[in-house]
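So you know, we letter chains A, B, ... as the sequences are listed, proteins then strands, and number each from 1.
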2 protein chains.
Amino acid sequence: MINDMDGCIEIQRNELASRFNCVPSQINYVISTRFTNEKGYYVESRRGGGGYITIRRLNTDSAGDYIMHIITSIGDKITQHSCEVFINNFVDYDVIDNREAMLMKAATSDKALVDVAPDKRDDVRAAILKNMLTSLTVI
Amino acid sequence: MINDMDGCIEIQRNELASRFNCVPSQINYVISTRFTNEKGYYVESRRGGGGYITIRRLNTDSAGDYIMHIITSIGDKITQHSCEVFINNFVDYDVIDNREAMLMKAATSDKALVDVAPDKRDDVRAAILKNMLTSLTVI
DNA sequence: GCTATATAATAGTCAGGGATAGTCAAATTG
DNA sequence: CAATTTGACTATCCCTGACTATTATATAGC
């Protein structure tokens with residue numbers, strides 16, 4: 001739907017829910033798990049009569065800008081799971097290809113970091129991910 | 001099953017368990033002892049409704065063999081410098097391209113590993129490098 | 001007319017439940 | 001004794017519905 005609408009849709013929650021055959025609150029769940037800022041979406045909404053939800057996708061015409069945006073949104077720590085979510089999004093946005101995604105996941109997996117103290121692992125992972133992303137902006 | 005399915009299957013854990021007449025948790029044991037990375041498999045899974053397990057067999061062609069050979073030749077530790085030499089060789093031998101080389105160097109640089117205790121850094125670097133190389137053998 | 005209040009029409013929150021996969025220590029096997 | 005098997009317990013994912021919060025509009029009181 002977002003693709004069809006040029007990167008931005010405005011729609012009522014109930015309409016979305018009936019379109020996907022789910023309860024309205026499911027829409028909130030999906031938005032909070034899938035259409036997050038980290039995944040490059042901006043969501044606004046308004047309650048009351050004439051309420052609505054707008055979902056905007058970040059402009060990803062400039063891969064460099066997109067990567068920089070993501071780098072700044074990554075904190076000092078990141079879990080393996082969250083890291084993989086990021087990497088999958090890079091593939092979706094054509095910032096990297098599948099092989100590169102595999103490399104990045106391999107480099108940031110708990111398996112690769114098994115020798116790092118568990119309480120430091122998420123810090124190291126964040127540093128590795130950011131360093132790899134930075135290297136992509138240099139090309 | 002993997003042979004029949006072109007090197008990759010996706011199936012539910014319970015289905016696998018009933019097919020082999022064992023308890024579901026036995027599936028995890030077998031996967032962790034038989035379908036390891038070292039033995040040439042990649043496994044992913046997802047919990048919750050509609051959960052699944054996917055098992056992929058890694059490439060066993062000559063490029064894969066070459067990489068496997070290299071992996072076994074890398075010890076438990078590797079310096080940043082020697083790591084870069086390896087990576088440059090991969091480019092020379094067309095195992096990876098320049099972007100992939102940048103990613104690999106970024107992931108294994110001292111800068112990325114600044115949070116790792118210095119005496120552990122070369123171990124972690126070796127693990128990351130090997131893990132990345134292994135991922136390259138995936139179809 | 002203007003403000004205050006009630007009502008309707010929305011969206012948000014959260015705890016719980018069902019369906020899965022993961023972990024781990026004890027029991028069993030060979 | 002090492003490898004395997006088991007099952008109780010845990011973790012995760014998605015879905016649901018009751019309840020709450022917010023906004024617009026209609027109505028009432030002055």
Report, as a single string ordered 5' to 3', how protein heavy atoms within less than 4.0 Å touch nucleotides 16-25 of chain D: B base, S sugar-phosphate only, - not at all. BB---BBBS-
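A pairwise comparison of heavy atoms in B/Ser45 and B/Ile53 identifies CB-CG1, 3.9 Å as the closest pair. Nearest heavy-atom pair, A/Gly75 versus A/Ala126, reported as atom, atom and distance to 0.1 Å: O-CB, 3.8 Å.
Here A/Ile87 contributes atom CD1 and A/Thr108 contributes atom OG1; the two are 4.0 Å apart, rounded to the nearest 0.5 Å.
Between the P atom of D/dT12 and the CD atom of B/Glu44 lies a distance of 18 Å, rounded to the nearest Å. For the pair B/Arg13 CZ and D/dT6 C1', the computed distance is 12 Å after rounding to whole Å. The CZ atom of B/Phe35 sits 13 Å away from the P atom of D/dT4 (whole-angstrom rounding).
Relative orientation of the B/Phe86 and B/Phe90 rings is tilted, given thresholds of 30° and 60° on the angle between their planes.
For the contact set between residues 107-119 of chain A and DNA chain C, defined by any heavy atom under 4.0 Å, there are no members.
Linking ILVMFWY side-chain heavy atoms closer than 4.5 Å, directly or via other members, places A/Val85 and A/Ile70 in two distinct hydrophobic clusters.
Contacts classified as side chain to side chain donor-acceptor pair (under 3.5 Å) and involving residues 7-17 of chain A (residues at least two apart or in different chains) are given here: A/Arg13-A/Asn28, A/Glu15-A/Arg19. Within the structure, the ring-ring contact (aromatic ring centres under 6.0 Å, His included) test picks out the following pairs touching residues 16-47 of chain A (sequence neighbours left out): A/Phe35-A/Tyr41.
Protein chain A contacts DNA chain C from C/dA9 to C/dT13, reading 5' to 3' and using non-hydrogen atoms of the protein with a distance under 4.0 Å.
Other residues sharing a hydrophobic cluster with A/Tyr52 under the 4.5 Å side-chain heavy-atom criterion for ILVMFWY residues do not exist; the residue is a singleton.
Side-chain polar atoms of A/Asn131 and B/Ser109 form a donor-acceptor pair below 3.5 angstrom.
Here A/Glu84 does not pair with B/Arg46 in a salt bridge; the nearest charged N to carboxylate O distance is not below 4.0 Å.
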